[in-house]
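Take a look at the structure set out below.
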Amino acid sequence: MLEITRIRAEKDILIEGLKKRGVDFSPQLNEITALDESWRAKKSEMESVQSESNKISKEIGKLMGAGKIEEANAAKEQTAQFKLKEQTLKDEVSKLEEQIQELLYDIPNVPQNIVPAGKSEDDNEIVEEVGQKVQFSGTPLPHWELAKKYDIIDFELGVKVTGAGFPFYKGKGAKLQRALINFFLMEADKAGYTEYIPPLMVNEASGIGTGQLPDKEGQMYHATKDNLFLIPTSEVPLTNIYRDVILPGEDFSIKMTGYTPNFRREAGSYGSDVRGLNRLHQFDKVELVRIEHPDNSEKALEEMVNHVKGLLEKLGLQYRILRLCGGDLGFTSAITYDFEVFSAAQEKWLEVSSVSLFETFQANRLKLRFRNANKKTQLCHTLNGSALALPRILAALLENYQTPEGIEIPEVLEKYLNFKIIN
RNA sequence: GGAGAAAUGGCAGAGCGGUUGAAUGCACUGGUCUUGAAAACCAGCAUACCGAGAGGUAUCGGGGGUUCGAAUCCCUCUUUCUCCGCCA
């Protein structure tokens with residue numbers, strides 16, 4: 001959520017920045033500033049009425065204390081005139097507040113300067129491409145066929161027991177999955193991230209805190225009886241640890257990591273994109289979350305990007321980094337780098353990580369602040385990134401490491417496994 | 001799931017209808033004293049919004065109500081604790 005003070009101060013700059021998302025938000029922002037102005041007027045009117053009636057109430061208190069009952073009763077009658085006025089003003093003020101709030105919820109974060117303008121993924125900017133395309137002697141199989149051939153992932157069984165998009169991992173497939181989780185967590189640990197095992201369900205306040213609610217309500221599984229939501233990413237519980245928190249000073253850098261399964265309804269996505277492991281309703285991911293001083297967030301973003309690069313290089317995967325254009329940028333993000341690995345068998349790039357800086361957008365909703373040198377509270381910057389999402393990494397590993405003898409295992413994973421080949 | 005008790009500032013803990021944004025203690029910050037430290041003493045120390053400022057308004061778990069006036073009374077929700085039941 002954008003800060004209202006920022007909208008007051010630099011509306012035109014924000015409108016200009018938001019244009020990179022391919023949408024003109026000037027009607028909304030103009031409406032907000034107009035509503036804000038009448039809100040301020042009404043509010044100060046309401047407060048002066050409140051002030052008056054508070055004064056009289058205090059007087060009554062004094063009179064009662066002094067035993068002057070009759071005078072007190074006379075004063076009581078005075079307050080009647082304020083009653084109605086106060087109530088009307090209160091209603092008006094809170095209605096205006098609601099309207100402003102609603103509009104604010106619908107305005108996405110402003111892209112940073114270096115974010116390219118654009119409408120869709122076609123406008124994303126390729127920042128870097130690393131590694132070579134794998135050469136195969138024959139025709140490589142896609143991962144869903146390999147999964148069947150070696151009996152390591154069972155999609156049909158998932159359909160039977162739960163539904164599409166909920167596969168079973170089996171035998172060496174399950175172990176490889178576990179090894180990857182371990183590897184990612186240990187790498188995060190080495191980089192100084194504190195590991196958490198968070199709850200897999202969150203309440204409504206947490207959903208609002210990180211921006212899933214109300215914008216993306218349909219994306220989450222909702223346990224209506226208890227009004228809890230299955231997490232779409234561990235970003236939600238991890239970041240919400242710091243909801244309504246004021247950090248005591250300027251000297252902080254909070255680095256968290258967590259492995260969780262993630263649950264996404266993915267309503268409306270069908271076709272070849274969802275084949276095999278490409279898109280699932282439940283998938284595993286190791287997430288990095290950082291809370292940083294605004295002066296330090298750019299550096300943190302760079303560190304996270306480098307961390308993810310390191311992981312992909314250790315796994316020996318060909319990858320590229322994209323700077324997402326305005327139109328493809330997530331609602332809450334100011335800048336996002338997507339990592340894609342090349343699936344040689346599917347002949348396409350698969351997104352495996354997304355590293356984002358939210359600046360104060362998320363912190364504003366979370367009310368996550370720190371106390372600056374002037375003893376004032378100031379919003380923190382938040383960041384997160386996947387390091388990494390498992391299914392597509394698994395897909396790429398299976399496809400790119402296939403040989404006539406079986407699927408080889410990258411060396412870095414060997415210490416987490418008791419086999420060196422899937423055959 | 002059933003019965004009871006409770007929720008107050010960073011922490012502990014008063015207040016149970018009137019001048020209380022909230023006693024007191026601890027913690028913290030600044031000062032005096034000291035060669036330095038400790039101790040002692042003095043001062044400061046919640047958040048948000050409106051306002052150029054003076055100042056004002058709101059907030060004592062959340063929401064609603066009674067009242068001229070609510071931290072204090074009522075309703076409701078949530079959470080915690082104790083006891084009983086069930087259980088990995």
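Reminder, nothing fancy here: chain letters follow the sequence lines and each chain counts from 1.
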Using atom names, set out every protein N or O paired with an N or O of nucleotides 71-81 of chain B below 3.5 Å, distance rounded to 0.1 Å.
none

Would you write the dot-bracket representation of RNA chain B, where each base gets (, ), [, ], | or . depending on whether it forms a Watson-Crick or G-U pair under 3.5 Å and with which partner? ((((((((.[[[..)..(.....]]].(((((.......))))).(((((....))))).[[[[[..)....]]]]])))))))....
Can you list every pair that meets ring-ring contact (aromatic ring centres under 6.0 Å, His included) and has a residue in residues 368-398 of chain A, with sequence neighbours left out?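 Qualifying pairs: Phe252(A)-Phe370(A), His293(A)-Phe370(A).
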Can you build the contact string for nucleotides 50-65 of chain B? Use B for base contact, S for sugar-phosphate-only contact, and - for no protein heavy atom under 4.0 Å. SS----BBS-------
Between the protein and nucleotides 7-11 of chain B, list the N/O to N/O atom pairs that are separated by less than 3.5 angstrom.
none

Using side-chain hydrogen bond (donor to acceptor under 3.5 Å, both in side chains) as the criterion, list what pairs up with Ser206(A), not counting sequence neighbours.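 Residues passing side-chain hydrogen bond (donor to acceptor under 3.5 Å, both in side chains) with Ser206(A): Asn203(A), Arg243(A).
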Taking only residues two or more places apart in sequence or in another chain, which ones pass side-chain hydrogen bond (donor to acceptor under 3.5 Å, both in side chains) with Glu313(A)?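 Partners of Glu313(A) by the side-chain hydrogen bond (donor to acceptor under 3.5 Å, both in side chains) criterion, ordered by chain and then number, come out as Tyr319(A).
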Return the polar atom pairs (N/O with N/O) between nucleotides 66-68 of chain B and the protein under 3.5 Å, or none.
| residue | atom | partner | partner atom | Å |
| --- | --- | --- | --- | --- |
| C68(B) | O4' | Thr79(A) | OG1 | 3.2 |
| C68(B) | O2' | Ser57(A) | OG | 3.0 |

Kindly write out the residues that satisfy ring pair (Phe, Tyr, Trp, His ring centres under 6.0 Å) with Phe166(A), not counting sequence neighbours, or none if the list is empty.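 In terms of ring pair (Phe, Tyr, Trp, His ring centres under 6.0 Å), with neighbours along the sequence ignored, Phe166(A) is linked to His281(A).
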Any protein N or O atoms within reach of nucleotides 27-29 of chain B? Criterion: under 3.5 Å, listing atom names and distances.
none

Could you work out, with side-chain contact (heavy atoms from CB on, under 4.5 Å) as the rule, every residue matching Met201(A), not counting sequence neighbours?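 Residues passing side-chain contact (heavy atoms from CB on, under 4.5 Å) with Met201(A): Ala223(A), Leu228(A), Leu230(A).
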Pairing residues for Phe168(A) by the side-chain contact (heavy atoms from CB on, under 4.5 Å) criterion, not counting sequence neighbours: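 For Phe168(A), the residues satisfying side-chain contact (heavy atoms from CB on, under 4.5 Å) (neighbours in sequence not counted) are Asp154(A), Leu157(A), Val161(A).
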